[in-house]
Protein chains: 2
Amino acid sequence: MDVQRLELLRELADRGSVTAVALATHRTPSAVSQQLKVLEREAGLPLTQRQGRGLVLTDAGRALARSATDVAVSLAKATALWDEFRNQASGEVSLVTFPTAGQMLLPGVIKKLGADLVLNCADEDPELSDFPAFTAEYDIVLAHSMSGQLSWAGRGLTVVPLMTEPLDVGLPVGHPLADRVWVGPRDLVGETWIGVTDGYPFERILHAIEQEAGARLSMSQRFADLALIESFVIAGLGIALVPRYTSGGGQPGRLVLKPLRGIESERQIVALMRPDRAERLAVRTVIEELQAEAARVQQSHTEP
Amino acid sequence: MDVQRLELLRELADRGSVTAVALATHRTPSAVSQQLKVLEREAGLPLTQRQGRGLVLTDAGRALARSATDVAVSLAKATALWDEFRNQASGEVSLVTFPTAGQMLLPGVIKKLGADLVLNCADEDPELSDFPAFTAEYDIVLAHSMSGQLSWAGRGLTVVPLMTEPLDVGLPVGHPLADRVWVGPRDLVGETWIGVTDGYPFERILHAIEQEAGARLSMSQRFADLALIESFVIAGLGIALVPRYTSGGGQPGRLVLKPLRGIESERQIVALMRPDRAERLAVRTVIEELQAEAARVQQSHTEP
DNA sequence: ACGTCCATGTAGAAAATCTACACGATGTAT
DNA sequence: ATACATCGTGTAGATTTTCTACATGGACGT
């Protein structure tokens with residue numbers, strides 16, 4: 001039984017089409033198809049099945065693909081081990097993030113990394129995209145979820161928590177609530193809100209506020225971009241829920257943040273990885289730096 | 001990084017020479033040497049080292065070989081999984097045993113196995129040979145050790161206990177002690193003993209008897225073969241320590257067995273395997289049958 | 001000193017795997 | 001309905017990888 005073939009099956013499970021696997025592994029679709037055929041012949045039972053013009057795995061195929069992950073993990077552990085012997089976290093690591101986390105963490109991380117470890121970053125809009133799906137393409141995926149919510153369970157991905165960031169209420173200077181130490185759900189009814197695009201995780205907290213206060217919030221605008229939201233708040237067009245550590249980057253002093261009490265108001269920032277990639281020494285190094293940087297950010301907001 | 005090459009490194013760790021690896025993997029020594037060279041070049045650090053006319057692993061090499069085992073295990077699990085899908089424990093399984101265990105267990109086991117699972121058995125003299133070393137050559141190694149003694153720890157082998165067999169005192173019919181229900185160390189001084197060859201595990205118990213009784217035992221002969229020992233006992237030339245379930249096979253009724261009290265007198269019969277081979281479905285099937293047969297033997301000696 | 005055993009180079013054979021291209025099936029747009 | 005794009009899969013040949021056969025040189029035992 002050949003590992004490369006198993007790996008191909010796993011890629012097929014992750015990416016869903018022969019062409020995608022071929023593209024990802026720098027091969028022609030024909031080569032992939034041939035190898036899968038050999039694997040199937042060796043297995044002695046059908047692993048794939050045509051569906052329309054595409055190809056889906058059978059139950060047996062899925063099971064095999066799952067065990068292929070274990071093989072990949074132990075293999076990655078082996079390579080990591082010998083990287084440790086040479087103690088060089090070399091190579092390239094790719095990463096996607098949603099904008100605010102990237103702005104908060106990445107500059108600090110990249111400065112810490114040695115010259116022989118290249119970190120290729122990209123950003124993706126969190127609402128448009130399925131975070132776990134990116135683990136096929138990128139080594140590390142920075143994602144956020146609300147606390148308690150286990151959005152990424154059960155897919156067999158490695159999840160490393162990086163930080164929990166409070167979500168505060170953002171107010172313009174001079175707002176009646178701006179003198180308060182904290183605000184509660186009842187203080188917030190009657191305000192005009194700048195909301196996030198539908199489906200965005202912050203949504204849940206706004207619903208919780210409504211539930212707690214017993215009234216609907218009036219939502220005038222809906223944006224995805226944080227800087228845009230903030231500019232509206234600063235302009236006095238409404239108030240908004242904003243992440244504590246990443247807000248006010250552009251115009252400091254013109255936005256007032258108030259902790260929200262009575263409601264669990266925070267988001268979890270995590271790193272998602274395919275288990276085998278998580279074992280790579282270079283990846284582990286980056287993760288450690290991400291954790292350190294996250295701790296640093298958190299500390300700098302609590303101490304001064 | 002290639003798995004086949006890693007596997008070769010592991011074989012080298014197990015077998016100790018390029019030639020042996022080549023022989024075991026049906027290749028020429030040159031091919032093995034070349035692959036190891038490639039692996040070393042990929043690793044970027046020396047994995048092997050010449051010693052005399054042979055080749056030994058460096059620390060890094062040993063570490064890599066160890067992690068290669070994990071890879072082999074997960075790979076074996078994958079193949080086992082798909083064997084389960086076809087539910088066929090097919091293929092061949094090789095086994096070595098020491099004579100008495102083979103005589104006790106193997107006939108029953110082989111009868112239970114299906115026609116598509118071939119069990120190739122061989123026997124080896126336990127005193128001459130290093131049991132763990134056989135795991136390189138055979139899938140399953142039946143070995144015995146005294147209770148409490150962990151002869152096969154720390155080599156990274158899978159150990160499956162099959163049974164604990166009491167070691168009784170074998171007497172000729174008509175012997176003064178033959179009427180007793182059991183015998184103690186003190187009853188046994190003054191007797192003439194038929195002993196086992198030096199280094200044999202039974203040796204320990206004889207020493208324990210001497211220690212307990214406070215006197216040396218007179219040892220007239222030393223044999224390795226159990227049937228030979230028994231024939232001496234039956235002929236009235238002495239008494240001997242014999243395993244309860246395997247003795248008296250040849251001449252029933254002419255040998256009397258008495259339990260030995262006051263001393264832990266039993267041997268542990270175990271199956272030794274390389275971890276990866278232990279995962280194979282066919283191997284697991286044989287192991288299960290071995291356990292069942294062992295239980296059956298044990299039961300048939302306690303009940304009637 | 002001699003033969004033996006072992007690992008390792010080299011050259012070419014053998015095997016495995018890939019690319020290029022064609023084909024049929026299946027959706028989608030016009 | 002027709003034309004077109006997409007997707008997987010065959011086939012033939014090129015490419016790459018890995019093996020064998022044989023030769024070489026060092027280490028050990030007699």
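These numbers were taken from a predicted model, which means no experiment stands behind them.
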Give the C-alpha distance, both sets of side-chain angles, the deciding distance and a yes or no for side-chain contact (heavy atoms from CB on, under 4.5 Å) between A/Leu162 and A/Val270.
CA-CA 5 Å; A/Leu162 294 179; A/Val270 301; 5.7 Å; no
Before you tell me yes or no, could you show the steps for B/Asp139 and B/Leu95 under side-chain contact (heavy atoms from CB on, under 4.5 Å), namely the whole-Å CA-CA distance, both residues' side-chain angles and the distance that decides it to 0.1 Å?
CA-CA 6 Å; B/Asp139 296 321; B/Leu95 181 153; over 6 Å; no
Verdict with supporting geometry, B/Leu36 and B/Leu47, side-chain contact (heavy atoms from CB on, under 4.5 Å)
CA-CA 9 Å; B/Leu36 287 176; B/Leu47 302 174; over 6 Å; no
Walk me through whether A/Thr48 and A/Leu12 qualify under side-chain contact (heavy atoms from CB on, under 4.5 Å).
CA-CA 10 Å; A/Thr48 60; A/Leu12 183 63; 3.8 Å; yes
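Distance B/Arg15 CZ to C/dC6 P: 15 Å, rounded to the nearest Å. Regarding B/Leu47, its CG atom lies at a distance of 16 Å from the P atom of C/dA7, rounded to whole Å. As rounded to whole Å, 16 Å separates atom C1' of C/dT8 from atom CZ of B/Arg41. Distance, A/Leu36 CG to C/dA16 P: 18 Å, rounded to whole Å. Taking atom CG on A/Leu8 and atom P on C/dT17, their separation rounds to 11 Å, with Å as the unit. Rounded to a whole Å, the CG atom of B/Asp2 is 11 Å from the P atom of C/dT17. Counting to the nearest Å, the P atom of C/dT8 and the CD atom of B/Gln35 are 13 Å from each other. Rounding to whole angstrom units, CD of residue B/Gln49 and P of C/dA7 are separated by 14 Å.
Few gaps surround CD on B/Glu40; more than 12 heavy atoms of other groups in view lie less than 6.0 Å from it.
Relative ring orientation between B/His144 and B/Phe98 is described as tilted, the plane-to-plane angle lying within the 30° to 60° band.
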With the sugar-phosphate defined as primed atoms, P, OP1 and OP2, and the base as all remaining atoms, what B/S/- string results for nucleotides 24-30 of chain D, 5' to 3', for protein heavy atoms under 4.0 Å?
--BSS--
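Taking 4.5 Å as the limit, every side-chain heavy atom of A/Met273 sits out of range of all side-chain heavy atoms of A/Leu157.
Within residues 22-34 of chain A, the residues having any heavy atom closer than 4.0 Å to DNA chain D are, in order of number, A/Pro29, A/Ser30, A/Ser33, A/Gln34.
The pair B/Arg274-B/Glu11 counts as a salt bridge, with a side-chain nitrogen and a carboxylate oxygen less than 4.0 angstrom apart.
Listed pair B/Lys37 / C/dG9 meets the phosphate criterion, a side-chain N or O lying under 4.0 Å from OP1 or OP2.
Side-chain contact, A/Gln34 with A/Ser30: a donor N or O sits under 3.5 Å from an acceptor N or O.
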